[in-house]
2 protein chains.
Amino acid sequence: MKNIETCGAHGLHKETVENVKKSILKDETINDLAMFFKVFGDPTRIKIMYALYLGEMCVCDIATSLHLSQSAASHQLRTLKTARLVKYRREGKAIYYSLDDDHVIKVLEQGISHITHI
Amino acid sequence: MKNIETCGAHGLHKETVENVKKSILKDETINDLAMFFKVFGDPTRIKIMYALYLGEMCVCDIATSLHLSQSAASHQLRTLKTARLVKYRREGKAIYYSLDDDHVIKVLEQGISHITHI
DNA sequence: TAAACATATGAACACATGCTCATGCATTCA
DNA sequence: TGAATGCATGAGCATGTGTTCATATGTTTA
């Protein structure tokens with residue numbers, strides 16, 4: 001990492017820098033936040049979450065309706081499950097997934113409202 | 001992509017599949033959404049956004065207070081600028097960045113409220 | 001119990017991402 | 001005008017990510 005101590009503004013903005021340094025969130029919080037949003041940062045997972053917003057679905061139906069391979073759907077559902085964004089229940093051979101949290105749809109709505117400039 | 005037409009559930013859940021197929025968002029919307037959230041999915045960018053939430057800052061101060069190289073800060077600011085999450089103004093040699101949108105902090109708050117299980 | 005079915009998982013690959021390093025560009029000032 | 005300052009940018013590299021393919025696991029049914 002390059003040294004930037006030559007920045008002449010340091011004198012002028014020392015307060016700003018100190019303020020940020022003491023207010024910055026904990027590393028753990030930052031990382032958890034990033035991981036949380038990273039899960040939303042993939043088109044396939046957004047499609048899956050949106051589909052589940054319409055109602056509980058088995059893996060096979062998710063894959064079929066979103067034109068995914070069974071394996072791809074399963075891998076992504078694992079990611080969503082790990083992030084506790086979806087939950088599941090078994091019914092015979094099928095496993096039904098659904099959204100685990102109301103935050104999910106609220107976060108999606110915030111995103112939609114942003115990209116549509118509202 | 002593996003064929004999964006053998007899934008016996010197709011008969012049972014045909015309605016579900018059709019419902020998703022007709023309700024699914026446009027590909028463009030999905031991709032825009034994913035790109036939007038992807039920007040939040042990195043610890044460095046979250047730190048920068050949080051710092052800017054405290055107030056307008058020049059690149060040098062951002063880099064200094066967050067222990068980033070000038071180059072790393074600049075690259076990430078470019079990403080944030082492209083996503084229209086930050087704006088900037090020049091004042092002499094310095095360039096001051098600030099949050100471009102109230103959505104930014106709302107989205108972050110939603111994320112925080114999720115990871116803290118509220 | 002064997003076969004069929006629904007889903008999960010691991011390896012491998014192509015591609016994306018974030019950093020550093022070197023350098024270029026714009027602005028100010030001596 | 002030339003040197004110094006603040007920032008941007010491109011190349012290159014290490015690492016991360018999403019998919020497919022092959023196969024394993026768990027459940028039902030003949």
Side-chain angles (χ1 to χ4, degrees), chain A residues 1-13 16-17 30-31 34-35 37-48 56-64 66-83 86-97, chain B residues 1-13 16-17 30-31 34-35 37-48 56-64 66-83 86-97:
Chain A
M1 178 177 131
K2 216 168 191 176
N3 200 328
I4 51 171
E5 287 185 12
T6 52
C7 175
H10 280 183
L12 286 171
H13 306 132
T16 302
V17 171
I30 296 280
N31 289 331
M35 285 202 298
F37 286 118
K38 195 171 288 188
V39 178
F40 288 84
D42 176 78
T44 302
R45 285 192 291 269
I46 290 189
K47 283 181 203 166
I48 292 177
E56 185 188 57
M57 292 177 76
C58 71
V59 176
C60 181
D61 286 346
I62 293 171
T64 303
L66 301 180
H67 306 291
L68 298 170
S69 70
Q70 177 269 319
S71 181
S74 188
H75 277 296
Q76 296 294 18
L77 285 165
R78 180 178 154 85
T79 299
L80 292 168
K81 189 169 51 179
T82 301
V86 302
K87 59 181 188 295
Y88 66 97
R89 66 180 180 87
R90 181 179 276 277
E91 188 177 308
K93 282 175 290 191
I95 294 185
Y96 290 87
Y97 281 86
Chain B
M1 180 176 129
K2 217 166 191 176
N3 199 327
I4 51 170
E5 286 185 13
T6 51
C7 175
H10 280 185
L12 285 171
H13 307 132
T16 302
V17 171
I30 297 281
N31 289 331
M35 286 202 298
F37 286 118
K38 195 171 290 188
V39 179
F40 287 84
D42 176 78
T44 301
R45 286 192 291 270
I46 291 189
K47 283 181 203 168
I48 292 177
E56 185 187 58
M57 291 176 77
C58 71
V59 177
C60 181
D61 286 345
I62 293 170
T64 302
L66 301 180
H67 305 291
L68 298 169
S69 71
Q70 177 269 316
S71 180
S74 188
H75 277 296
Q76 296 294 18
L77 284 165
R78 180 177 154 86
T79 299
L80 292 167
K81 189 169 52 181
T82 302
V86 303
K87 59 182 188 295
Y88 66 96
R89 66 182 180 84
R90 179 180 278 275
E91 188 178 306
K93 283 174 290 190
I95 295 185
Y96 290 86
Y97 282 86

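Keep in mind it's a predicted model, so treat the numbers as computed, not measured. Proteins get letters first, then strands, A, B, ... in listed order; numbering begins at 1 in each.
Residues B:Ile48 and B:Leu68 have side chains in contact (heavy-atom distance under 4.5 Å, counting atoms from C-beta outward). Side-chain atoms of A:Leu77 and A:Tyr88, non-hydrogen and from C-beta on, never get closer than 4.5 Å to each other. A:His13 places a side-chain heavy atom less than 4.5 Å from the side chain of B:Tyr96.
A donor and an acceptor atom sit less than 3.5 Å apart, one in the side chain of B:Ser71 and one in the base of D:dT9.
A stacking contact between B:His75 and C:dC19 is absent: the pair does not combine a ring-centre distance of less than 5.5 Å to the base's six-membered ring with planes differing by less than 30°.
The shortest distance between the side-chain N/O atoms of B:Gln76 and the OP1/OP2 oxygens of C:dC19 is below 4.0 Å. Within the structure, a side-chain polar atom (N or O) of A:Ser69 is placed less than 4.0 Å from OP1 or OP2 of D:dT20. Dashed line: the shortest gap from a side-chain N or O of B:Arg45 to OP1 or OP2 of C:dG18 is under 4.0 Å. Between B:Lys38 and C:dT17, a side-chain N or O to OP1/OP2 separation shorter than 4.0 Å is present. Look at A:Arg78 and you'll find a side-chain N or O under 4.0 angstrom from OP1 or OP2 of C:dT9.
Residue contacts shown for B:Tyr88 are absent, as no nucleic acid heavy atom lies under 4.0 Å away. B:Thr79 comes within 4.0 angstrom of no nucleic acid atom, judged by non-hydrogen atoms across all strands.
Taking atom CD of B:Gln70 as the reference point, atom C1' of C:dC21 lies 12 Å away to the nearest angstrom. We find that CG of A:Leu77 is positioned 11 Å from C1' of C:dA8, with the value rounded to whole Å. Distance, A:Leu80 CG to C:dA8 P: 12 Å, rounded to whole Å.
The side-chain contact (heavy atoms from CB on, under 4.5 Å) test with B:Tyr97 singles out one residue from B:Glu56, B:Lys81, B:Lys87, and that residue is B:Lys81.
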